[in-house]
There are 2 protein chains.
Amino acid sequence: MEQPDKKHVIFQTVLELIREKGFHGTPVSMIAERANVAAGTIYHYFDSKEVMLLELYKYIKEQVQAIVVKTEQSSQTYPEQFYQLWMALYQFYINNPNVLGFFEQFVNSPYYTDELADNTCALRKTLLDFVSKGVKQNVLMPLRPEILSALFHGNVLTMAKMHKLRKVVLKKEEVSEVIDACWRSVTRPGTGYPDKRTIDFKLNKNGK
Amino acid sequence: MEQPDKKHVIFQTVLELIREKGFHGTPVSMIAERANVAAGTIYHYFDSKEVMLLELYKYIKEQVQAIVVKTEQSSQTYPEQFYQLWMALYQFYINNPNVLGFFEQFVNSPYYTDELADNTCALRKTLLDFVSKGVKQNVLMPLRPEILSALFHGNVLTMAKMHKLRKVVLKKEEVSEVIDACWRSVTRPGTGYPDKRTIDFKLNKNGK
DNA sequence: AAAAACCGAATGAACATTCAATCGGTATGG
DNA sequence: CCATACCGATTGAATGTTCATTCGGTTTTT
């Protein structure tokens with residue numbers, strides 16, 4: 001029976017190796033060795049290297065998507081959802097630094113076709129809905145959702161990359177400051193919810 | 001006689017091809033063909049493909065660095081410098097979309113060694129100085145310069161990538177809104193310079 | 001004992017790099 | 001003013017290596 005485990009082992013190995021050696025620099029043979037399987041076995045699970053990377057890409061997107069959905073549900077007020085979402089994504093990327101590099105390489109590779117790009121990607125859609133909701137509630141600036149979404153997610157990614165690439169580790173208060181900064185950037189300047197949001201919120205849920 | 005032109009032609013070709021085909025997917029032979037030189041010629045100018053990419057990386061960084069320096073000098077007040085700098089970088093990345101992908105691929109490639117990372121890279125240093133100045137002037141939040149710098153540059157990059165990858169084209173007013181958003185994120189919430197900065201500033205300088 | 005998972009050596013294509021040959025221009029000598 | 005020697009730039013076919021993929025056989029599972 002096809003072990004789902006093995007696929008995950010391979011995925012994990014690919015992420016590791018891509019981080020270490022880059023997108024090139026990771027031949028199938030090396031993946032096989034590190035994952036303790038034979039090269040041929042990889043082709044039992046995936047039709048080709050390309051298919052493998054595509055599946056991995058989808059797999060990760062689903063993970064992130066799941067985090068977003070789950071986190072959004074766990075809070076009530078918009079500001080709190082915002083805070084928690086930022087935090088949850090940040091922690092995910094910090095705990096899975098390999099993902100950051102993989103994504104960047106992937107979207108710039110020939111594998112990333114236009115279909116994949118404008119595809120009704122669930123993650124993108126979820127984030128767009130999230131910011132649209134904020135606009136409707138008159139909390140966020142009345143900007144196009146694409147822009148707000150990019151500002152939000154881009155901010156998280158920037159901080160995570162800073163952590164990974166520059167080894168800049170944010171202290172707890174600094175994280176709060178940055179989330180505040182992000183919040184300030186997407187909300188109307190005067191509009192309410194000014195400090196109310198500096199909630200003593202609980203990390204433990206997402207933390208590891 | 002060694003033509004400096006030819007190096008630039010090769011650089012430009014590499015950027016183009018990497019955008020089209022990704023970092024892999026661009027063999028030297030293809031670069032040679034597109035640049036209308038023989039494969040061997042490339043090795044007359046560069047010791048290896050690796051060296052070529054390293055030089056290209058430096059070359060681009062210097063270009064960006066030059067833009068930052070020049071733009072910083074062209075304005076007096078900090079808010080205006082901030083505005084102009086954001087704008088100049090944004091326009092550079094919009095006009096040179098190939099650069100975006102190249103950078104991302106490069107920093108995740110095996111070529112990007114630790115030396116290059118923490119290296120006293122002039123660009124990084126300049127940006128750090130710029131935000132430090134802002135902190136000293138009590139305009140920017142008292143955060144670590146690394147963080148402020150990342151927030152600033154990350155914001156520009158995010159918007160440029162949105163443009164490139166999602167084909168989201170910002171209208172003039174939207175650009176202003178985004179710069180304002182970025183400004184709000186790095187300045188103290190209450191602190192002065194609130195709207196004064198929505199200067200009717202002149203694009204023509206950097207525009208193309 | 002059939003099927004499915006797994007192995008890893010073998011295959012052939014693609015690649016970075018090399019190098020002997022050519023070309024075009026510039027200095028040197030008559 | 002021509003002819004000759006010289007030099008670096010340029011070429012592209014040849015080389016050796018690396019890689020993705022295949023496939024005949026072996027083990028494991030059902």
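Below, read A as the first sequence line, B as the second, and so on, with proteins coming before strands; counting in each chain starts at 1. Just so it is clear, the model here is predicted, and its values are computed rather than measured.
A:R34 has a carboxylate O that lies under 4.0 Å from a charged side-chain N of A:E20, or vice versa, which qualifies the two as a salt bridge. With respect to A:K125 and A:D129, a salt bridge is recorded, a charged nitrogen being found less than 4.0 Å from a carboxylate O. B:E146 and B:R124 are not joined by a salt bridge, as no carboxylate oxygen comes within less than 4.0 angstrom of a charged side-chain nitrogen. The residues B:E72 and B:K133 are annotated as salt-bridged, a charged nitrogen and a carboxylate oxygen being separated by less than 4.0 angstrom.
Atom CG of A:D5 is separated from atom P of C:dC6 by 10 Å (rounded to the nearest Å). When rounded to the nearest whole Å, the span between NZ of A:K7 and C1' of C:dA5 equals 14 Å. In this structure, B:K6 atom NZ and D:dA9 atom P are separated by 10 Å, rounded to whole Å. Spacing between atom NE2 of B:H24 and atom P of C:dA16 amounts to 12 Å, rounded to whole angstrom units. Following rounding to the nearest Å, B:I42 (CD1) and C:dA16 (P) show an atom-to-atom distance of 10 Å. Residue B:F46 contributes atom CZ, which lies 15 Å from atom C1' of D:dT10 at whole-angstrom precision. Spacing between atom CG of A:N36 and atom C1' of C:dG8 amounts to 14 Å, rounded to whole angstrom units.
For the pair B:T41 and D:dT11, the criterion of a side-chain N or O lying under 4.0 Å from OP1 or OP2 is met. At D:dT10, none of the side-chain N or O atoms of B:H44 fall inside 4.0 Å of OP1 or OP2 (strictly under the cut-off). Note on A:Y45: a side-chain N or O is less than 4.0 Å away from OP1 or OP2 of C:dC6.
Qualifying side-chain hydrogen bond (donor to acceptor under 3.5 Å, both in side chains) partners for B:Y93, counting only residues two or more places apart in sequence or in other chains: B:H153. B:K136 pairs by the side-chain hydrogen bond (donor to acceptor under 3.5 Å, both in side chains) definition with nothing, not counting sequence neighbours.
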So which protein N/O to nucleotides 17-21 of chain D N/O distances come out below 3.5 Å?
unit_1 : atom_1 : unit_2 : atom_2 : d
D:dA20 : OP1    : A:K49  : NZ     : 2.4
D:dA20 : OP2    : A:V28  : N      : 2.5
D:dT21 : OP2    : A:Y43  : OH     : 2.6
D:dT21 : OP2    : A:K49  : N      : 2.8
D:dT21 : O5'    : A:Y43  : OH     : 3.4

